[in-house]
Amino acid sequence: MVRKVEGRLIVIAAAAALVLGSCSEVQEHTAAAIHDRDSVSVMTSYGVNTLISDSGVIKYKIVTERWDVNTVKNPSYWKFDKGVFFEQFDEKFHVEAYIQADSAMYYDQKKLWHLRGRVRIRNINGLLYESEELFWDGMKHELYSNVFSRVTTPERSMEGTYFLSDERMTHYTVSNSKGSFTKEDVTGEQTDTASTQKPDTAQVQPNLRPQLQKHRRNGR
């Protein structure tokens, strides 16, 4: 009887050793922890219709299908890859202009908007701006672009490869322009100017051009 028990114990011990030995050879396959969150949106909102303020004053309304916010990446940004529509307000909360684009990026530390795709601006004076790319500098309160742009007013229209304007689109410049327009459109004067392929007399001062190139590199 004792021999039978001892025999069973030997068999059990051998089986246990076999199991433990095979377990020691098992390797776990696990993925490395994700630490870099630069490419991950911290917040994503859908069907957005909201008011945006600056220094306690409501500046514009944003309507968009999707809004991604990333505060981890440096510089942090807002992303609108499904299109965006703005209503721009004055100090009395009156609509001054409508702005739309196929996509947009906003770098909050610089207060810089980068609008791309079919960019359209229409203000209360009947001016229509059209381009494929536009920067909106919230610190300098300027709109600018160095790609083909078209400005159409109730009286005239002009086209050019460089555009600079204030936020209200009341004082603007188109250089390397062509089309039929008056100097009043850009300078407030009443002198007619013929169509030309050369830079017009209201072109941007030279010291502004390097700033535009610098903004473009930082904005992308």
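For clarity, every value in this text was computed on a predicted model and none was experimentally measured.
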Spacing of CG belonging to Asp90 relative to CD belonging to Gln88, to within rounding of 0.5 Å: 9.5 Å
Which distance, rounded to the nearest 0.5 Å, do you find between the NZ of Lys59 and the CD of Glu87? 16.0 Å
Gln109 versus Tyr107: any side-chain heavy-atom pair under 4.5 Å? no
For the residue pair Phe80 and Tyr106, is the inter-centroid distance of their aromatic rings smaller than 6.0 Å? no
With hydrophobic residues grouped by side-chain heavy-atom distances under 4.5 Å, do Trp113 and Val63 end up in a single group? no
Gap between atom CE of Met158 and atom OG of Ser149 - 0.5 Å precision: 11.5 Å
Are Val95 and Phe85 connected in a single hydrophobic cluster, I mean Ile/Leu/Val/Met/Phe/Trp/Tyr linked by side-chain heavy atoms less than 4.5 Å apart? yes
Passing candidate, side-chain contact (heavy atoms from CB on, under 4.5 Å) with Phe86, options Ile121, Thr64, Leu115: Leu115
If I compare all heavy atoms of Glu133 with all of Val147, which pair ends up nearest, and what's the gap? OE1-CG1, 3.6 Å
To the nearest 0.5 angstrom, please state how far the OG atom of Ser131 sits from the CG atom of Asn146. 9.0 Å
Mind running side-chain contact (heavy atoms from CB on, under 4.5 Å) on Val174 and Leu164 for me, showing each step along the way? CA-CA 7 Å; Val174 179; Leu164 176 65; over 6 Å; no
Would you say that Val84 contacts Gln100 through its side chain, given a criterion of any heavy-atom pair below 4.5 Å between the two side chains? no
Of all residues at least two apart in sequence or in a different chain, which pass the salt bridge (charged side-chain N to carboxylate O under 4.0 Å, His left out) check with Lys82? none
Can you name the residues that form a salt bridge (charged side-chain N to carboxylate O under 4.0 Å, His left out) with Asp102, not counting sequence neighbours? Arg118
Trp136/Glu142 under side chain to side chain donor-acceptor pair (under 3.5 Å): CA gap, chis, key distance, verdict: CA-CA 6 Å; Trp136 179 0; Glu142 293 178 347; over 6 Å; no
Can you tell whether the side chains of Arg168 and Glu91 come within less than 4.0 Å, N to carboxylate O? yes
Test Glu65 against Trp67 for side-chain contact (heavy atoms from CB on, under 4.5 Å), laying out the working first. CA-CA 7 Å; Glu65 181 179 340; Trp67 180 1; over 6 Å; no
Are Glu130 and Arg120 ion-paired here, with the side-chain N under 4.0 Å from a carboxylate O? yes
Do the side chains of Val48 and Ile99 join up, straight or via other hydrophobic residues, at under 4.5 Å, putting them in one cluster? yes
Looking only at heavy atoms, the pair that brings Val119 and Glu132 closest together is CG2-C, 4.1 Å
Please assess His141 against Asp166 for the test side-chain contact (heavy atoms from CB on, under 4.5 Å), listing each intermediate value before the final yes or no. CA-CA 6 Å; His141 306 287; Asp166 64 340; over 6 Å; no
Assess whether atom OH of Tyr98 is packed by more than 12 heavy atoms of other residues, nucleotides or ligands within 6.0 Å. no
Check the pair Asp68, Trp78 against side-chain contact (heavy atoms from CB on, under 4.5 Å), reporting the backbone distance first and the verdict last. CA-CA 6 Å; Asp68 294 317; Trp78 302 350; over 6 Å; no
Working to the nearest 0.5 Å, report the span between OH of Tyr144 and CZ of Phe135. 6.0 Å
Taken to the nearest 0.5 Å, the spacing of Tyr172 OH from Thr170 OG1 works out to 9.5 Å
Can you see whether Tyr162 engages Ser145 through a side-chain donor-acceptor pair at a distance of less than 3.5 angstrom? no
Would you mind telling me which of Asp108, Val42, Val69, Asn70 makes a side-chain contact (heavy atoms from CB on, under 4.5 Å) with Ser76? Asp108
Do Leu127 and Thr152 have side-chain heavy atoms sitting under 4.5 Å apart? no
Worked check of salt bridge (Lys or Arg N to Asp or Glu O under 4.0 Å) between Glu159 and Arg150: CA-CA 4 Å; Glu159 301 172 351; Arg150 178 185 293 111; 3.0 Å; yes
Hydrophobic clusters here meaning ILVMFWY residues chained together by side-chain heavy-atom distances under 4.5 Å, can you tell me if Ile62 and Met43 are in one? yes
